Amino acid sequence: MKTANFIVVAAVLMVGSCDGGPTPSTGMMEFDGQLADTLVQRQVAFGPRVPGTAAHAEALAWMTAFLETRAEVTEQMPFTHVTQEGETLSLTNVWASFKPEAASRVLVVAHWDTRPVGEKAANVADRDNPIPGANDGASGVAIVLAIADALAERPPEVGVDLLLTDGEDWGHDPVTLATFTPDMFLGARHFAEVRGATYRPLYGILLDLVGDQEPRFPQEGFSRQFAPEVVARVWDLAQELGYGAVFTASPGQPITDDHVPLNEAGIRTINIIDFDYPFWHTPKDTIDKVSSGTLEIVGDVVLTTIRRQGGQ
Ligand SMILES: [Zn+2]
């Protein structure tokens, strides 16, 4: 028994990812976890992507250029939002499409802004400061962009739309810093308002907090409620790919996120999210908390879902 354990440990050490996260079991799949890891680093290097800052504008220009060289259609969707305090925010969703003429489409969503405050910081003095957003923001965007890269290399058979939302993480009480939902999910709400009546993909997949080193994705509660058959499809596929220990077939708590306004508008969308992340909304949400192995596992599952949908 001891010997058997030793052999297993040695095997894991030999193939373990260098950044301390999990090792994708397949290793030979299409999605490039190393590219996604680089794309997280690039975003974090801009600084916090807080609306109204130079880093926010620079990240927007960079993401748009990345998609323009890969997708058939790339579009910035600017809008404004007046907050509870009367501040007007200039925000921009980014949209990219592959095979835009196809009637059957899959939507992939992530938020690209980062939170202006870190209200969960242990140190009170840190709570007024913006968070780096390596996992909360950059991880989901990195997977979306790396999927765009793969689809440019080998075009999908199904239509694919990518939506990077702004203003997901703005809302907070200016005094107590407590979470303030009227000023959250702004990009998803705006999209639902302007496109929700007519845009009908087969389904959407939202990615949030998808990069930490100990990933575990239970089936998020609103996803099970709004789109149970999409949950079943994605989690069954993850199981088939050997990721059943990460995509656990167990009910998770409902988490209000960008998928809620989309579902309310009739866009059936699930949320892949690991809410068990101790660095959430703290200054410690840094690049060292993100694992290329985790990014690859999630990217494998989403990209393979797209490929299967198109019969590829
Ligand atoms: Zn957040």
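Atoms within each ligand, like the ligands themselves, are counted from 1 in listed order. What you see below is based on every heavy atom in this structure, not just the backbone, and it leaves out hydrogens, waters and symmetry mates. Computed from a predicted model, the values in this text were never measured in an experiment.
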Atom nearest to the Zn ion (ligand 1) - D169, N, O or S atoms considered
OD2

Salt-bridge test for R216 and D274: reply yes if a basic N is under 4.0 Å from a carboxylate O, no otherwise.
no

When you measure from the Zn ion (ligand 1) to each N, O or S atom of H281, which atom gives the shortest distance?
NE2

Which atom name would you report as the N, O or S atom of D136 nearest the Zn ion (ligand 1)?
OD2

Should the pair R42 and F46 be classed as cation-pi, given the thresholds of under 6.0 Å to the six-membered ring centre and 45° from the axis?
yes

Minimum-distance pair of heavy atoms, taken over all atoms of H172 and E85
O-OE2, 4.4 Å

How about F180 and W170: are their ring centres within less than 6.0 Å of each other?
no

